[in-house]
Amino acid sequence: MPELPEVETLARTLRPALIGKTILASDLRWKRTLAAPSPEAFKRKIRGQEITEVSRRAKYFILRLSSVSLLIHLRMSGGLLVVLGGYQPEKHDRLILKLTDDTSLIFSDPRKFGRVWLVDDPARVFADLGPEPLSEAFTAGWLFAALRARRRQLKPLLLDQTFLAGLGNIYVDESLHRAKLHPLTPSDRVTARQAEGLRNAIRATLEEGIRQNGASIDWVYRGGGFQNQFRVYGRTGQACPVCGRKIQRLTVGQRGTHFCPKCQKLKD
DNA sequence: AGAACCCCCTGTTTGC
DNA sequence: TGCAAACAGGGGGTTC
(Lines give C-alpha, C1' and ligand atoms only; values in the text may rest on other atoms or scores of the structure.)
Protein backbone atom coordinates (compact mmCIF):
# COMPACT_ATOMS: atom_id res chain seq x y z
CA MET A 1 0.00 0.00 0.00
CA PRO A 2 2.63 2.49 0.78
CA GLU A 3 3.73 5.56 -1.02
CA LEU A 4 4.23 8.90 0.63
CA PRO A 5 0.54 9.86 1.00
CA GLU A 6 -0.45 6.47 2.41
CA VAL A 7 2.36 6.47 4.99
CA GLU A 8 1.60 10.09 5.88
CA THR A 9 -2.06 9.13 6.37
CA LEU A 10 -1.02 6.25 8.62
CA ALA A 11 1.17 8.50 10.74
CA ARG A 12 -1.63 11.05 11.12
CA THR A 13 -4.22 8.39 11.86
CA LEU A 14 -2.22 6.33 14.34
CA ARG A 15 -0.53 9.23 16.12
CA PRO A 16 -3.24 9.88 18.73
CA ALA A 17 -3.53 6.17 19.52
CA LEU A 18 0.22 5.72 19.96
CA ILE A 19 1.65 8.86 21.58
CA GLY A 20 2.42 8.32 25.26
CA LYS A 21 2.00 4.55 25.18
CA THR A 22 4.78 2.31 26.50
CA ILE A 23 5.91 -0.84 24.70
CA LEU A 24 5.49 -3.71 27.16
CA ALA A 25 6.56 -6.60 24.95
CA SER A 26 7.30 -7.53 21.35
CA ASP A 27 6.47 -10.59 19.29
CA LEU A 28 8.54 -10.95 16.14
CA ARG A 29 6.74 -13.57 14.08
CA TRP A 30 8.90 -13.48 10.91
CA LYS A 31 12.60 -13.01 11.63
CA ARG A 32 13.59 -11.46 8.32
CA THR A 33 11.17 -8.61 8.88
CA LEU A 34 13.80 -7.24 11.24
CA ALA A 35 16.60 -5.42 9.40
CA ALA A 36 18.45 -4.43 12.59
CA PRO A 37 19.49 -5.21 15.26
CA SER A 38 19.43 -8.95 16.09
CA PRO A 39 16.10 -10.38 17.30
CA GLU A 40 17.54 -10.77 20.81
CA ALA A 41 18.81 -7.18 21.00
CA PHE A 42 15.53 -5.92 19.52
CA LYS A 43 13.42 -7.68 22.13
CA ARG A 44 15.60 -6.41 24.95
CA LYS A 45 15.96 -2.81 23.75
CA ILE A 46 12.37 -2.11 22.80
CA ARG A 47 10.79 -3.26 26.03
CA GLY A 48 9.86 -0.38 28.30
CA GLN A 49 10.31 2.28 25.62
CA GLU A 50 7.73 5.05 25.52
CA ILE A 51 6.40 6.36 22.20
CA THR A 52 7.11 10.09 22.12
CA GLU A 53 6.62 10.97 18.45
CA VAL A 54 4.94 9.49 15.35
CA SER A 55 6.17 10.75 12.00
CA ARG A 56 7.27 9.92 8.45
CA ARG A 57 10.29 10.33 6.17
CA ALA A 58 9.88 9.32 2.53
CA LYS A 59 7.98 6.00 2.77
CA TYR A 60 9.28 5.18 6.24
CA PHE A 61 6.94 5.23 9.23
CA ILE A 62 8.81 6.47 12.30
CA LEU A 63 8.18 5.90 15.98
CA ARG A 64 10.43 8.02 18.15
CA LEU A 65 10.88 6.21 21.45
CA SER A 66 12.44 7.20 24.79
CA SER A 67 16.00 6.46 23.73
CA VAL A 68 15.83 4.83 20.28
CA SER A 69 13.75 5.00 17.08
CA LEU A 70 11.66 2.34 15.40
CA LEU A 71 11.52 2.64 11.60
CA ILE A 72 9.06 0.65 9.54
CA HIS A 73 9.09 0.38 5.74
CA LEU A 74 5.90 -1.26 4.46
CA ARG A 75 7.23 -2.02 0.98
CA MET A 76 4.57 -3.58 -1.24
CA SER A 77 2.05 -5.15 1.09
CA GLY A 78 2.68 -3.97 4.65
CA GLY A 79 0.03 -2.46 6.88
CA LEU A 80 -0.17 -1.07 10.42
CA LEU A 81 -3.06 -1.34 12.80
CA VAL A 82 -3.72 -0.48 16.43
CA VAL A 83 -6.05 -2.91 18.15
CA LEU A 84 -7.75 -2.83 21.53
CA GLY A 85 -8.14 -5.75 23.89
CA GLY A 86 -7.16 -9.39 23.57
CA TYR A 87 -5.75 -10.01 20.12
CA GLN A 88 -5.37 -13.30 18.30
CA PRO A 89 -2.43 -13.06 15.86
CA GLU A 90 -3.39 -13.52 12.23
CA LYS A 91 -1.64 -15.30 9.40
CA HIS A 92 0.25 -12.35 7.97
CA ASP A 93 1.21 -10.60 11.21
CA ARG A 94 5.01 -10.14 11.25
CA LEU A 95 5.53 -8.01 14.36
CA ILE A 96 3.24 -7.34 17.28
CA LEU A 97 4.03 -4.73 19.93
CA LYS A 98 2.05 -5.00 23.12
CA LEU A 99 1.36 -1.53 24.48
CA THR A 100 -0.08 0.00 27.63
CA ASP A 101 -3.85 0.59 27.97
CA ASP A 102 -4.56 -2.90 26.63
CA THR A 103 -3.63 -2.02 23.06
CA SER A 104 -1.29 -3.52 20.46
CA LEU A 105 0.41 -2.25 17.32
CA ILE A 106 0.25 -4.85 14.55
CA PHE A 107 2.57 -4.90 11.54
CA SER A 108 1.00 -7.18 8.97
CA ASP A 109 2.69 -7.96 5.67
CA PRO A 110 1.58 -10.81 3.36
CA ARG A 111 4.53 -10.60 0.98
CA LYS A 112 7.17 -10.26 3.71
CA PHE A 113 9.00 -7.47 1.88
CA GLY A 114 8.52 -4.99 4.73
CA ARG A 115 11.42 -4.17 7.05
CA VAL A 116 11.81 -2.84 10.58
CA TRP A 117 14.83 -1.10 12.13
CA LEU A 118 15.43 -0.24 15.76
CA VAL A 119 18.23 2.32 15.73
CA ASP A 120 19.89 5.02 17.80
CA ASP A 121 20.18 7.34 14.80
CA PRO A 122 17.56 7.25 12.01
CA ALA A 123 19.70 9.57 9.91
CA ARG A 124 22.01 6.69 9.12
CA VAL A 125 19.18 4.67 7.56
CA PHE A 126 17.98 7.74 5.67
CA ALA A 127 21.46 8.78 4.52
CA ASP A 128 20.96 8.06 0.81
CA LEU A 129 17.45 9.45 0.44
CA GLY A 130 16.75 12.38 -1.86
CA PRO A 131 14.75 15.43 -0.74
CA GLU A 132 11.16 15.33 0.48
CA PRO A 133 8.91 16.47 -2.37
CA LEU A 134 6.71 18.45 0.01
CA SER A 135 9.62 20.27 1.66
CA GLU A 136 10.85 23.73 0.76
CA ALA A 137 14.03 22.19 -0.61
CA PHE A 138 12.06 20.76 -3.52
CA THR A 139 12.06 23.79 -5.79
CA ALA A 140 11.70 24.04 -9.57
CA GLY A 141 15.28 25.26 -9.75
CA TRP A 142 16.62 22.32 -7.82
CA LEU A 143 14.63 19.86 -9.93
CA PHE A 144 15.73 21.40 -13.22
CA ALA A 145 19.39 21.24 -12.22
CA ALA A 146 19.04 17.71 -10.84
CA LEU A 147 17.31 16.47 -14.02
CA ARG A 148 20.03 17.97 -16.20
CA ALA A 149 22.75 16.40 -14.11
CA ARG A 150 21.48 12.96 -15.13
CA ARG A 151 20.56 11.34 -18.37
CA ARG A 152 17.79 8.96 -17.38
CA GLN A 153 14.22 8.21 -18.34
CA LEU A 154 11.85 10.22 -16.16
CA LYS A 155 9.86 7.24 -14.91
CA PRO A 156 12.69 5.25 -13.32
CA LEU A 157 14.41 8.43 -12.18
CA LEU A 158 11.37 9.62 -10.23
CA LEU A 159 11.03 6.17 -8.69
CA ASP A 160 14.65 6.34 -7.54
CA GLN A 161 14.48 7.21 -3.83
CA THR A 162 18.01 8.61 -3.85
CA PHE A 163 16.86 11.18 -6.41
CA LEU A 164 13.55 12.16 -4.81
CA ALA A 165 12.10 10.36 -1.79
CA GLY A 166 8.51 9.22 -1.42
CA LEU A 167 7.07 8.73 -4.90
CA GLY A 168 6.04 5.23 -6.00
CA ASN A 169 4.49 3.75 -9.11
CA ILE A 170 1.07 5.36 -8.73
CA TYR A 171 2.17 8.88 -7.92
CA VAL A 172 4.88 8.94 -10.59
CA ASP A 173 2.43 7.94 -13.34
CA GLU A 174 -0.16 10.42 -12.08
CA SER A 175 2.39 13.23 -11.76
CA LEU A 176 3.82 12.68 -15.25
CA HIS A 177 0.35 12.79 -16.76
CA ARG A 178 -0.47 15.98 -14.89
CA ALA A 179 2.81 17.46 -16.13
CA LYS A 180 2.16 16.25 -19.69
CA LEU A 181 5.51 14.49 -19.85
CA HIS A 182 6.13 11.08 -21.43
CA PRO A 183 7.57 8.55 -18.95
CA LEU A 184 10.52 7.81 -21.26
CA THR A 185 11.54 11.46 -21.68
CA PRO A 186 15.31 11.75 -21.07
CA SER A 187 15.79 13.81 -17.93
CA ASP A 188 18.36 16.11 -19.48
CA ARG A 189 15.94 17.14 -22.21
CA VAL A 190 13.36 18.59 -19.82
CA THR A 191 13.17 22.39 -20.14
CA ALA A 192 13.16 24.76 -17.18
CA ARG A 193 9.51 25.44 -17.81
CA GLN A 194 8.70 21.71 -17.93
CA ALA A 195 10.70 21.13 -14.75
CA GLU A 196 8.64 23.75 -12.99
CA GLY A 197 5.47 22.11 -14.28
CA LEU A 198 6.68 18.71 -13.10
CA ARG A 199 7.56 20.05 -9.68
CA ASN A 200 4.10 21.56 -9.34
CA ALA A 201 2.45 18.41 -10.67
CA ILE A 202 4.26 16.20 -8.16
CA ARG A 203 3.27 18.43 -5.27
CA ALA A 204 -0.33 18.75 -6.40
CA THR A 205 -0.63 14.98 -6.90
CA LEU A 206 0.84 14.18 -3.47
CA GLU A 207 -1.24 16.84 -1.74
CA GLU A 208 -4.39 15.52 -3.35
CA GLY A 209 -3.40 11.98 -2.37
CA ILE A 210 -2.97 13.04 1.24
CA ARG A 211 -6.23 14.99 1.15
CA GLN A 212 -7.94 11.77 0.03
CA ASN A 213 -6.18 9.74 2.76
CA GLY A 214 -4.20 7.86 0.14
CA ALA A 215 -5.27 5.32 -2.44
CA SER A 216 -7.02 2.02 -1.67
CA ILE A 217 -6.20 -0.80 -4.05
CA ASP A 218 -6.78 -4.51 -3.74
CA TRP A 219 -6.78 -6.07 -0.33
CA VAL A 220 -3.83 -4.27 1.18
CA TYR A 221 -5.02 -0.84 2.15
CA ARG A 222 -8.47 0.56 2.76
CA GLY A 223 -9.78 3.90 3.79
CA GLY A 224 -8.30 6.14 1.13
CA GLY A 225 -10.20 7.59 -1.81
CA PHE A 226 -7.49 8.66 -4.24
CA GLN A 227 -8.06 5.57 -6.41
CA ASN A 228 -11.29 7.20 -7.57
CA GLN A 229 -9.35 10.04 -9.16
CA PHE A 230 -6.66 8.16 -11.03
CA ARG A 231 -6.03 9.78 -14.40
CA VAL A 232 -3.89 6.97 -15.84
CA TYR A 233 -2.77 4.48 -13.20
CA GLY A 234 -4.43 1.10 -13.79
CA ARG A 235 -6.63 2.62 -16.49
CA THR A 236 -5.16 0.93 -19.57
CA GLY A 237 -7.62 1.14 -22.48
CA GLN A 238 -9.86 3.64 -20.71
CA ALA A 239 -10.31 7.25 -21.77
CA CYS A 240 -7.84 9.96 -20.78
CA PRO A 241 -9.78 12.42 -18.59
CA VAL A 242 -8.21 15.33 -20.45
CA CYS A 243 -8.44 14.37 -24.15
CA GLY A 244 -10.39 11.10 -24.29
CA ARG A 245 -7.67 9.04 -25.96
CA LYS A 246 -7.12 5.52 -24.69
CA ILE A 247 -4.58 5.18 -21.91
CA GLN A 248 -1.63 3.00 -22.87
CA ARG A 249 0.55 0.75 -20.74
CA LEU A 250 4.17 -0.14 -21.15
CA THR A 251 6.79 -1.71 -18.93
CA VAL A 252 9.66 0.49 -17.79
CA GLY A 253 12.25 -0.84 -15.38
CA GLN A 254 10.05 -3.86 -14.59
CA ARG A 255 7.19 -1.58 -13.53
CA GLY A 256 3.83 -1.12 -15.19
CA THR A 257 3.68 2.39 -16.62
CA HIS A 258 0.50 4.16 -17.68
CA PHE A 259 0.25 7.26 -19.86
CA CYS A 260 -1.83 9.09 -22.44
CA PRO A 261 -0.22 8.93 -25.89
CA LYS A 262 -1.77 12.25 -26.89
CA CYS A 263 -1.19 14.35 -23.76
CA GLN A 264 2.25 12.87 -23.07
CA LYS A 265 4.09 12.87 -26.36
CA LEU A 266 7.70 11.80 -26.63
CA LYS A 267 9.48 14.27 -28.87
CA ASP A 268 12.81 13.52 -30.47
C1' DA B 1 26.18 6.18 -15.70
C1' DG B 2 22.28 3.94 -16.96
C1' DA B 3 19.42 0.10 -18.54
C1' DA B 4 17.98 -4.61 -18.23
C1' DC B 5 17.54 -8.37 -15.75
C1' DC B 6 17.48 -11.15 -11.30
C1' DC B 7 15.83 -11.76 -6.50
C1' DC B 8 12.95 -11.44 -2.14
C1' DC B 9 7.34 -13.35 -1.16
C1' DT B 10 2.17 -14.30 -1.33
C1' DG B 11 -2.21 -13.51 -3.25
C1' DT B 12 -5.26 -12.23 -7.07
C1' DT B 13 -6.30 -11.66 -11.82
C1' DT B 14 -5.87 -12.86 -16.56
C1' DG B 15 -5.36 -15.71 -20.60
C1' DC B 16 -5.69 -19.97 -22.88
C1' DT C 1 -13.69 -25.10 -15.38
C1' DG C 2 -8.86 -25.48 -14.53
C1' DC C 3 -4.41 -24.32 -14.55
C1' DA C 4 -0.35 -21.59 -15.46
C1' DA C 5 1.40 -17.33 -16.26
C1' DA C 6 1.27 -12.58 -15.37
C1' DC C 7 0.88 -9.07 -12.29
C1' DA C 8 0.91 -6.25 -7.80
C1' DG C 9 1.72 0.22 -4.24
C1' DG C 10 9.18 -1.53 -3.20
C1' DG C 11 13.88 -1.90 -3.29
C1' DG C 12 18.52 -4.32 -3.39
C1' DG C 13 21.66 -6.56 -6.26
C1' DT C 14 24.46 -8.05 -10.63
C1' DT C 15 25.84 -7.65 -15.33
C1' DC C 16 26.63 -5.44 -19.65
Side-chain angles (χ1 to χ4, degrees), chain A residues 1-10 29-36 56-61 71-80 90-95 107-117 125-130 133 146-177 183-190 202 205-206 208-210 212-237 249-258:
Chain A
M1 84 173 231
E3 297 182 37
L4 188 157
E6 288 76 29
V7 181
E8 178 66 27
T9 299
L10 267 183
R29 306 176 66 80
W30 179 254
K31 294 266 189 284
R32 271 183 285 177
T33 289
L34 189 58
R56 175 197 64 75
R57 165 80 168 103
K59 302 174 192 172
Y60 291 82
F61 179 85
L71 314 178
I72 303 178
H73 197 305
L74 286 67
R75 295 281 174 91
M76 291 285 265
S77 64
L80 290 168
E90 293 187 10
K91 185 178 180 184
H92 300 305
D93 295 349
R94 308 304 177 199
L95 176 66
F107 173 49
S108 156
D109 182 24
R111 293 179 72 179
K112 302 175 176 172
F113 290 163
R115 290 293 179 268
V116 170
W117 294 253
V125 177
F126 301 153
D128 293 333
L129 290 177
L147 289 172
R148 294 194 62 137
R150 317 275 197 113
R151 183 185 250 99
R152 289 183 66 185
Q153 300 168 333
L154 287 182
K155 173 73 189 257
L157 183 57
L158 292 175
L159 283 176
D160 183 342
Q161 302 297 296
T162 68
F163 181 79
L164 186 63
L167 294 182
N169 213 31
I170 290 177
Y171 292 90
V172 168
D173 282 5
E174 294 296 303
S175 297
L176 286 173
H177 180 268
L184 298 182
T185 306
S187 60
D188 62 339
R189 293 199 43 243
V190 172
I202 289 170
T205 303
L206 291 173
E208 182 60 15
I210 291 171
Q212 298 284 334
N213 295 317
S216 308
I217 299 188
D218 294 340
W219 75 101
V220 183
Y221 179 78
R222 301 187 215 313
F226 191 56
Q227 70 282 2
N228 298 319
Q229 309 186 199
F230 287 167
R231 298 160 165 245
V232 291
Y233 183 82
R235 298 190 63 249
T236 310
R249 178 189 188 279
L250 51 92
T251 300
V252 185
Q254 312 292 110
R255 311 301 300 277
T257 297
H258 314 78

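Chain naming here is simple, since letters A, B, ... match the order of the sequence lines and numbering starts at 1 in each. Quantities reported herein were computed from a predicted structural model and do not represent experimental measurements.
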Item checked: Nearest-Å distance for atom pair CG/C1', residues Asp109(A) and dA8(C) -> 13 Å
Check: So how far is it from Arg75(A) CZ to Asp109(A) CG, rounded to the nearest 0.5 Å?
Finding: 9.5 Å
Item checked: Worked check of side-chain contact (heavy atoms from CB on, under 4.5 Å) between Leu206(A) and Leu167(A) -> CA-CA 8 Å; Leu206(A) 291 173; Leu167(A) 294 182; 3.7 Å; yes
Check: Using the P atom in both, what is the distance from dA5(C) to dC6(B), to the nearest Å?
Finding: 15 Å
Item checked: Whole-angstrom distance between dG11(B) and dT1(C), as gauged at atom P -> 23 Å
Check: Heavy-atom distance under 4.5 Å between the side chains of Leu158(A) and Ser175(A), does that happen here?
Finding: no
Next item on the list: Return the stems involving DNA chain C, sorted by first number, where pairs are Watson-Crick (N1-N3 with N6-O4 or O6-N4) or G-U wobble (N1-O2 and O6-N3), both under 3.5 Å, and runs are 3 or more long.
Entry: B:2-8 with C:10-16, B:10-16 with C:2-8
Checklist line | Positions of residues 148-172 of chain A (non-hydrogen atom under 4.0 Å from DNA chain B), listed by number | finding: Arg150(A), Arg151(A), Arg152(A), Gln153(A)
Next item on the list: Counting heavy atoms from C-beta on, name the nucleotide in dG11(C), dC9(B), dA8(C) closest to the side chain of Arg249(A).
Entry: dA8(C)
Note to self: Can you tell me if His73(A) touches the phosphate of dG10(C), counting only side-chain N or O atoms and a distance under 4.0 Å to OP1 or OP2?
What the structure shows: no
Check: Can you check the Phe61(A) CZ to dG10(C) P distance for me, whole Å?
Finding: 18 Å
Item checked: Distance below 4.0 Å between Lys59(A) side-chain N/O and dG11(C) OP1 or OP2 -> yes
Notebook entry, point to check: Starting at CZ of Arg255(A) and ending at C1' of dC5(B), how long is that distance when rounded to a whole Å?
Noted result: 15 Å
Checklist line | Whole angstrom value for the distance that separates C1' of dA8(C) from NE2 of His92(A) | finding: 14 Å
Item checked: For atom OH of Tyr60(A) and atom C1' of dG10(C), their distance in whole Å -> 10 Å
Margin query: Can you tell me how far apart CH2 (Trp117(A)) and NE2 (His73(A)) are? Round to the nearest 0.5 Å.
Written below: 6.5 Å
Check: Do Leu147(A) and Leu154(A) have side chains that get closer than 4.5 Å, going by heavy atoms?
Finding: yes
Margin query: Is the ring pair Tyr171(A)/Phe226(A) parallel, tilted or perpendicular, if the boundaries are 30 and 60 degrees?
Written below: parallel
Check: Hey, does the side chain of Lys112(A) come within less than 4.0 Å of dT10(B)'s phosphate (OP1/OP2), counting only N and O?
Finding: yes
Notebook entry, point to check: In whole angstrom, what separates Arg115(A)'s CZ from dG13(C)'s P?
Noted result: 12 Å
Next item on the list: Kindly point out which of dA8(C), dC9(B), dC5(B) is positioned nearest to the side chain of Met76(A)?
Entry: dA8(C)
Item checked: Gap separating the CD atom of Glu174(A) from the CG atom of Asn169(A), nearest 0.5 angstrom -> 10.5 Å
Check: Taking the side chain as C-beta and beyond, is there a heavy-atom pair between Lys59(A) and Gln161(A) under 4.5 Å?
Finding: yes
Margin query: Between dC7(C) and dC5(B), how far apart are the two P atoms, rounded to whole Å?
Written below: 13 Å
Check: Between dC9(B) atom P and Trp30(A) atom CH2, what is the distance in whole Å?
Finding: 6 Å
Item checked: Spacing of Arg189(A) atom CZ relative to dG2(B) atom P, expressed in whole Å -> 16 Å
Notebook entry, point to check: Of the nucleotides dA8(C), dC5(B), dG10(C), which has the atom closest to the Arg111(A) side chain?
Noted result: dA8(C)
Checklist line | 4.5 Å side-chain heavy-atom contact, Arg150(A) and Phe163(A) | finding: yes
Checklist line | Rounded P spacing from dA4(C) to dC9(B) in Å | finding: 22 Å
Note to self: Looking at dG11(C) and Phe113(A): do their rings stack (centroid distance under 5.5 Å, interplanar angle under 30°)?
What the structure shows: no
Margin query: Rounded at 0.5 Å granularity, tell me how far CG in Asn213(A) sits from OG1 in Thr9(A).
Written below: 5.0 Å
Check: Do the side-chain N or O atoms of Arg75(A) get closer than 4.0 angstrom to the phosphate oxygens (OP1, OP2) of dA8(C)?
Finding: no
